[in-house]
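The structure under discussion appears below in the form of structure tokens.
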Amino acid sequence: MGLAAYYLTVERLSALLEAGELTAAELMKSLLERTDALDEGLRAFIAYDGEEALRQAEESDRRRKEGKSLGPLDGIPVAIKDFISVRGWPLSCGSRMLEGYVSPYDAWVIDRLRAVGAVLWGRTNLDEFAMGSSTETSAFGPTANPWDRRFVPGGSSGGSACAVAAGLAPLALGTDTGGSVRQPAAFCGIVGLKPTYGRVSRYGVTAFASSLDQVGPFGRSVWDVATLLGAIAGRDPHDSTSVPLPVPDYANALGGQRNWNIGISEQFFAAGLNDEVKSAVRRAIDFFENAGCPIRSVSFPNLDICIGDYYVIATAEAFSNLSRFDGVRYGHRAAGVRDVGELYARSRGEGFGAEVKRRILLGAFVLSGGYHEAYYGRAQRVRTLIRRSFEEIFQSVDFLLTPTAPTVAFPLDDRGHKDPLAMYLSDVYTVPVTLAGLPAISLPCGFSREGLPIGLQLIGTPYRESDLLAAAHFFERSHDFYDRHPTLTSAR
Ligand code: GLN
């Protein structure tokens with residue numbers, strides 16, 4: 001297939017499929033070949049089954065031939081973070097803990113993807129149990145950044161972001177609890193969206209911090225992300241936190257309104273923000289201003305307490321959610337134990353990696369008798385303050401525009417980032433959004449001198465993903481870095 005089909009957008013691919021100039025099987029074969037050639041050096045995938053993907057692609061071609069196409073995603077491969085259940089597929093969560101476990105059912109989002117004919121394509125790598133910002137805590141080894149393999153792809157959904165940026169998949173699903181879709185999208189130079197909490201069902205998605213977790217789409221263009229969001233959003237009777245609101249036609253609404261009021265908060269541009277990131281984001285602000293969008297200065301006074309707040313709430317919820325991995329019900333079970341106490345302790349000790357254990361310990365501590373109110377209770381009240389700060393800001397503006405992350409991708413095995421606190425700080429601009437349950441999108445807005453992508457974050461009001469997508473689309477259409485892709489020629 002000519003013209004590097006692996007870098008075409010879904011918008012273009014689905015037009016080619018529709019016109020009969022490309023078949024889903026041809027597309028899948030080309031991705032499979034590319035993945036076979038490159039993934040050893042990237043490790044975007046934990047595993048993939050080319051034959052099964054081809055079978056799904058052929059079914060799509062058959063449907064299309066009979067005039068029964070299921071829409072723009074019919075025949076389009078979507079890579080799946082190995083944190084989301086697909087019936088009959090192993091589910092690892094990047095951990096040894098789930099060794100040998102096979103999902104008995106489809107997550108709701110997978111069910112939705114099947115309903116639109118998408119090809120489920122491979123299980124992507126992630127930080128163990130989605131805890132991390134670099135995809136280095138995976139028990140299956142780290143994923144590389146496709147722009148420069150000496151750098152991390154971000155995390156925890158680093159495998160999904162890498163697969164899309166490297167042209168191994170046109171689309172991917174990730175999950176975002178504190179930034180795990182937006183930050184890897186920024187580090188890999190693609191578009192990633194965290195929907196409003198409740199917009200997408202969490203049924204069949206491994207629980208990390210249930211009051212924060214949301215599934216989010218990755219793509220190489222805003223249209224692609226809008227289309228994938230449209231497929232997975234909506235009320236699911238299995239998840240009582242999913243909202244019964246109608247799902248707009250996101251892709252069709254991209255040409256909407258233009259004169260958005262954009263808020264800028266100086267707290268997001270303070271010390272710690274890398275200079276190149278700062279100037280790229282400033283240029284984006286100028287772009288919107290020159291396009292006629294009023295830019296308002298707003299204040300988000302609580303930014304510096306968000307990381308602390310997040311790590312109390314997220315670890316408390318993780319502690320509770322991860323108690324189900326006990327060596328009895330799922331996955332890894334220690335051998336030769338004498339009693340049930342030893343079974344729990346050894347199974348968990350052997351199955352979980354260091355970062356997961358650190359979070360479980362911290363979660364147990366903040367919930368422990370006598371401290372519960374001092375830590376967890378207070379963290380919940382701080383969370384309310386954070387939500388209110390946003391509410392106040394959104395009285396006067398439509399969006400808040402910020403950098404997605406304070407730096408570009410950092411080196412793999414970086415000593416500074418081996419320090420857990422340094423790693424936690426890379427989420428400083430993304431965690432406030434999940435704490436408040438708001439939607440936000442990360443989109444490319446430039447490159448560093450070293451050629452690493454820079455991401456811009458737009459944060460919006462609940463359930464107004466259409467507006468975020470429209471503004472992102474407007475920005476995308478006037479910038480050519482969306483046509484730039486990593487040059488990847490050999491596996492190493
Ligand atoms: N990096 C953050 C953490 O380690 C966020 C992870 C996520 O969003 N899943 O918790």
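We number each residue from 1, following the sequence as shown. Both ligands and their constituent atoms are indexed starting at 1 by order of listing.
- Remark: Arg34 is positioned above the aromatic ring of Tyr7, its terminal NZ or CZ atom under 6.0 angstrom from the ring centre and at most 45 degrees off the axis.
- In terms of protein heavy-atom proximity, atom 7 (C) of ligand 1 is nearest to Ser180 OG, 2.4 Å.
- For Asp427, every heavy-atom contact with ligand 1 shorter than 4.0 Å involves the side chain, none the backbone.
- Heavy-atom contacts of Gly178 reach the following atoms of ligand 1: 5 (C), 7 (C), 8 (O) (cutoff under 4.0 Å).
- Near Gly132, meaning under 4.0 Å from any of its heavy atoms, are these atoms of ligand 1: 1 (N), 2 (C), 3 (C), 4 (O), 6 (C).
- Only the side chain of Tyr310 comes within 4.0 Å of ligand 1, judged by heavy-atom distances.
- At a 3.5 angstrom cut-off on N or O pairs, Asp176 does not count as close to ligand 1.
- In summary, of the residues considered (Gln183, Gln214, Arg182), a side chain to side chain donor-acceptor pair (under 3.5 Å) with Asp176 occurs for Arg182 alone.
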Given the rule in the salt bridge (charged side-chain N to carboxylate O under 4.0 Å, His left out) test, do Arg358 and Glu355 qualify, once you have shown the distances and angles that lead to the verdict? CA-CA 5 Å; Arg358 187 177 297 128; Glu355 183 60 26; 2.2 Å; yes
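- Ring centers of Phe187 and Phe151: at least 6.0 Å apart, outside the cut-off.
- Among protein heavy atoms, atom 3 (C) of ligand 1 sits closest to Tyr311 OH, 3.3 Å.
- Aromatic ring orientation, Phe474 versus Phe288: tilted (interplanar angle from 30° to 60°).
- Taking the centre of each ring, Phe208 and Phe83 stay at or above the 6.0 Å mark.
- The six-membered or imidazole ring of Tyr105 lies near that of Tyr203, with a centre-to-centre distance under 6.0 Å.
- The side chain of Ser156, and not its backbone, has at least one atom closer than 4.0 Å to an atom of ligand 1 (non-hydrogen atoms only; side chain from C-beta on).
- Near Phe208, meaning under 4.0 Å from one of its heavy atoms, ligand 1 places the atoms 9 (N), 10 (O).
- Here Tyr424 and Tyr310 keep their ring centres 6.0 angstrom or further from each other.
- Counting heavy atoms closer than 4.0 Å to ligand 1, residue Arg359 contributes side-chain atoms (C-beta onward) but none from N, CA, C or O.
- The distance criterion of under 3.5 Å between nitrogen or oxygen atoms is met by Gly179 with respect to ligand 1.
- Checked by distance only, ligand 1 and Thr175 stay at 3.5 Å or farther apart across all their nitrogen or oxygen atoms.
- Note: no N/O pair closer than 3.5 Å links Lys81 and ligand 1 by distance alone.
- Atoms of ligand 1 lying under 4.0 Å from at least one heavy atom of Ala130, given by number and element, are 6 (C), 7 (C), 9 (N).
- Here's the thing with Gly155: none of its N/O atoms is less than 3.5 angstrom from an N/O atom of ligand 1.
- You'll find the side chain of Arg220 reaches within 4.5 Å of the side chain of Pro170, heavy atoms only.
- Here the two rings, on Tyr376 and Tyr371, have centers that are 6.0 Å apart or farther.
- In terms of polar-atom proximity, defined here as any N/O pair under 3.5 Å, Met131 makes no such contact with ligand 1.
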